[in-house]
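Contents: one structure, followed by commentary.
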Number of protein chains: 2
Amino acid sequence: MNDKPTSAKKAPSSRPDGVVTLEQVAELAGVSPSTVSRILNGTAAVSQVKKDAVHAAIQELGFRPNPVARGLAGGKTLSIGVVTQIISSPFYGEALLGIERELERAGYVPLFVSGNWHEDDERKAIETLLSRRVDGVIVLAGRIADAELAKVSDNLPVVVVGRQLSGPQLFSFSFDNREGARLATQHLVEQGHRRIAFIAGDLLHDDAVERQNGYFDALAAAGIAQDPNLIVQSDYTEAGGMLSVSRLLERDTHFTALFASNDQMAIGACLGLHRRNLRVPDDVSLVGFDDLIMARYSMPPLTTVRQSVYEIGTEAAKAMLDMLRGSQPKATLPGPELVVRESTRRMQR
Amino acid sequence: MNDKPTSAKKAPSSRPDGVVTLEQVAELAGVSPSTVSRILNGTAAVSQVKKDAVHAAIQELGFRPNPVARGLAGGKTLSIGVVTQIISSPFYGEALLGIERELERAGYVPLFVSGNWHEDDERKAIETLLSRRVDGVIVLAGRIADAELAKVSDNLPVVVVGRQLSGPQLFSFSFDNREGARLATQHLVEQGHRRIAFIAGDLLHDDAVERQNGYFDALAAAGIAQDPNLIVQSDYTEAGGMLSVSRLLERDTHFTALFASNDQMAIGACLGLHRRNLRVPDDVSLVGFDDLIMARYSMPPLTTVRQSVYEIGTEAAKAMLDMLRGSQPKATLPGPELVVRESTRRMQR
DNA sequence: TTGTATGCGTTATCAG
DNA sequence: CTGATAACGCATACAA
């Protein structure tokens with residue numbers, strides 16, 4: 001225990017604070033710091049003996065590498081920036097959970113910043129992330145220009161969800177929104193509805209456009225003409241859904257079914273209809289999109305299109321990890337699936 | 001523009017990558033790096049002339065200090081760890097948003113990690129945070145022992161929401177759950193209800209206990225005896241709320257009102273009641289707690305107790321910033337407030 | 001008030 | 001396979 005005169009020039013043996021450094025590990029294991037680093041990162045082959053000694057030392061000292069120092073020295077911070085839009089949204093929450101879980105398994109930590117559906121905020125968010133030296137960036141939808149994202153990917157791997165981009169360090173994938181929306185609308189058609197209103201999301205976003213296209217697809221397949229009076233654009237929020245119903249009703253156009261392009265708007269629409277004394281599904285059949293938890297517990301339980309938002313998160317994270325380790329990223333999402341609950345019914349009469 | 005022979009020993013004037021360093025700023029401004037650092041941190045007084053020169057240089061070069069290097073050198077990473085339970089929960093989402101917004105104003109970034117309502121996970125989360133060298137930790141509820149949190153606060157400022165702790169670097173505050181629950185129950189009593197069922201949260205947690213106490217308070221004040229048959233313990237989820245209704249109904253005890261101690265359980269309960277052909281509020285008056293967005297849009301819109309979860313977030317962040325700058329932390333939360341909507345009504349007959 | 005020197009904990013580039 | 005040694009970008013005693 002006291003083989004050395006503790007008066008060595010440099011004896012970081014134990015510091016006042018509980019911080020254990022790689023250097024101490026090296027000392028205890030009787031090797032050089034570089035060797036410890038190599039073992040930690042698998043940067044080079046090391047003899048088994050030293051490996052064991054180092055691992056033992058790590059155990060004994062309870063050493064945990066300092067990501068900050070790591071970040072400075074090697075450029076790797078083991079953290080992944082995630083640009084979300086509204087962290088409090090039930091939709092994004094699910095995705096973030098998936099990302100967090102998947103990243104954690106690989107020792108990475110997500111750094112969440114909100115873009116607030118605002119281009120400037122997104123840009124700032126990315127700035128923040130870059131200045132924090134994240135190892136990669138995952139972008140969930142958003143408004144920032146494709147070109148800007150591409151530029152970011154010059155320096156870092158970037159995964160984008162909900163767009164179609166690609167590049168050497170740029171990977172993107174989307175849920176099949178169009179097909180999902182088509183299924184939803186088709187379901188309504190099959191129930192005998194022909195006057196099917198549609199609440200679109202913000203058409204600045206691909207996914208909103210795709211969902212609208214899916215709606216058109218189903219209409220076309222059924223030989224139903226599009227009626228602009230049945231379409232209203234909104235913003236994916238409950239309040240927006242409720243307001244949309246008012247707008248629709250003010251137009252004095254008759255409809256027996258309503259497809260809201262996300263669950264939140266559907267929930268809001270449901271209340272809006274209720275306020276006008278229109279019952280779901282008796283007077284109006286209602287379909288949502290996303291299958292958030294709220295869809296299952298709404299009254300009546302909402303027919304909707306299932307997309308596993310959680311899986312979108314895990315897939316994005318996996319793709320990022322792929323890129324990080326140099327392999328070809330991929331993402332396989334389950335296809336859209338209609339979940340029929342109690343907000344839709346066959347048209348009467 | 002070219003006053004110096006560009007063959008100086010060290011001329012980091014412009015690097016291949018676009019990274020601008022403090023050193024370059026110093027060079028351009030004609031001062032030493034330390035001076036730039038001082039200006040940036042306000043560590044010492046600097047002459048106005050140099051200040052201006054430095055600021056100009058910063059502008060011109062678009063310099064942004066590297067938080068990673070900062071973290072290594074000064075021990076400050078300008079990041080605050082946040083231990084949340086489930087990042088995807090609508091409740092926590094709101095709080096996180098508040099934290100993020102408030103922290104951002106001060107140049108800090110939150111690092112969210114999930115505790116998953118699991119002691120071990122929480123411990124690991126805190127470990128992760130510490131190894132990331134966060135400047136402080138905000139803990140939202142959770143299961144980890146008070147003593148452990150106190151220990152963490154030996155090295156770092158800690159803000160805990162939902163418990164009663166304190167110490168030199170430890171600050172906590174809670175929403176007045178007891179009073180909120182009392183208000184909710186009292187409302188039911190005032191509506192003429194006497195058989196009021198209660199769905200408790202996990203009683204391992206202070207807030208759940210407090211809400212139950214508030215329920216008891218109101219009962220006592222009204223001279224109504226507690227009936228264990230009317231109480232069921234659950235877990236703050238929609239599924240739990242729904243299940244609780246079944247459990248309640250199986251007991252064959254009659255009740256005309258139900259107080260679910262959070263909105264999510266109330267929503268679940270509402271569906272559960274519906275499944276048994278019990279109408280809200282006609283057969284059963286229902287009250288929730290939290291006033292999440294979903295409460296406003298549920299069918300019927302839910303009477304509940306408002307607590308600004310967003311503000312809980314901002315207050316926690318403010319308290320943390322207070323501690324960080326050495327001043328006494330404080331947190332003032334608006335008191336509980338009953339929001340009467342359409343899920344409750346005067347008892348008939 | 002300002003500059004110099006040193007260190008923060010790792011990784012990476014060299015020689016052996 | 002392994003060990004010195006030099007960065008990484010900034011903060012901070014210490015001098016001046």
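Chain A is the first sequence line, chain B the second, and so forth, proteins listed ahead of strands; every chain is numbered from 1.
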Next item on the list: Let me know the distance between CD of B/Glu23 and P of D/dA11, rounded to the nearest Å.
Entry: 13 Å
Next item on the list: Go along nucleotides 11-16 of chain C 5' to 3' and tag each nucleotide: B for a protein heavy atom under 4.0 Å from its base, S when only backbone or sugar atoms are that close, - otherwise.
Entry: BBB---
Note to self: I want to verify a distance call: between D/dG9, C/dG3, D/dG3, whose nearest atom is closest to the A/Ser32 side chain?
What the structure shows: D/dG3
Next item on the list: Please answer whether the main-chain N or O of B/Gly313 pairs with a side-chain N or O of B/Glu102 as donor and acceptor at a distance below 3.5 Å.
Entry: no
Check: Expressed in angstrom and rounded to an integer, what is the separation of A/Ile39 atom CD1 from C/dT10 atom C1'?
Finding: 15 Å
Note to self: By the 4.0 Å heavy-atom rule, please label A/Val68 as base, sugar-phosphate, or nothing.
What the structure shows: nothing
Check: Has the side chain of B/Arg163 got a donor or acceptor atom that lies under 3.5 Å from a matching backbone atom of B/Ser174?
Finding: no
Notebook entry, point to check: Tell me: CG of B/Asn66 to P of D/dG9, nearest whole Å?
Noted result: 7 Å
Check: Just by modelled atom types, is the B/Ser153 backbone N or O under 3.5 Å from a matching donor or acceptor in the B/Gln169 side chain?
Finding: yes
Note to self: Any carboxylate oxygen within less than 4.0 angstrom of a Lys/Arg side-chain nitrogen, looking at B/Lys124 and A/Glu104?
What the structure shows: yes
Next item on the list: Specify the separation, in whole Å, of atom CD1 of A/Ile58 and atom C1' of C/dT10.
Entry: 13 Å
Margin query: Is B/Thr35 close enough to C/dG3 that one of its side-chain N or O atoms is under 4.0 Å from OP1 or OP2 there?
Written below: yes
Margin query: Donor-acceptor check, side chain of B/Thr77 to backbone of B/Arg133, threshold 3.5 angstrom: yes or no?
Written below: yes
Note to self: Rounded to whole Å, how long is the line connecting atom CG of B/Leu72 with atom C1' of C/dC8?
What the structure shows: 5 Å
Margin query: Please report the distance, rounded to the nearest Å, between CZ in A/Arg132 and P in D/dG9.
Written below: 16 Å
Checklist line | B/Arg64/A/Glu127 ion pair, N-O < 4.0 Å | finding: yes
Check: Would you find a donor on one side and an acceptor on the other, under 3.5 Å apart, between the side chain of B/Ser114 and the backbone of B/Asn116?
Finding: no
Note to self: What I want to find out is whether B/Glu148 reaches B/Lys151 closely enough, with some N-O distance under 4.0 Å, to be called a salt bridge.
What the structure shows: no
Notebook entry, point to check: Do side-chain atoms of B/Glu119 reach the backbone of B/Ile144 as a donor and acceptor pair under 3.5 angstrom?
Noted result: no
Item checked: 5' precedence on DNA chain C between B/Arg133 and B/Val49 (nearest-nucleotide basis) -> B/Val49
Margin query: Let me check the geometry of the helix from C/dT1-D/dA16 to C/dG16-D/dC1. What is the bend angle between the axes at its two ends, five pairs each, to 10°?
Written below: 40°
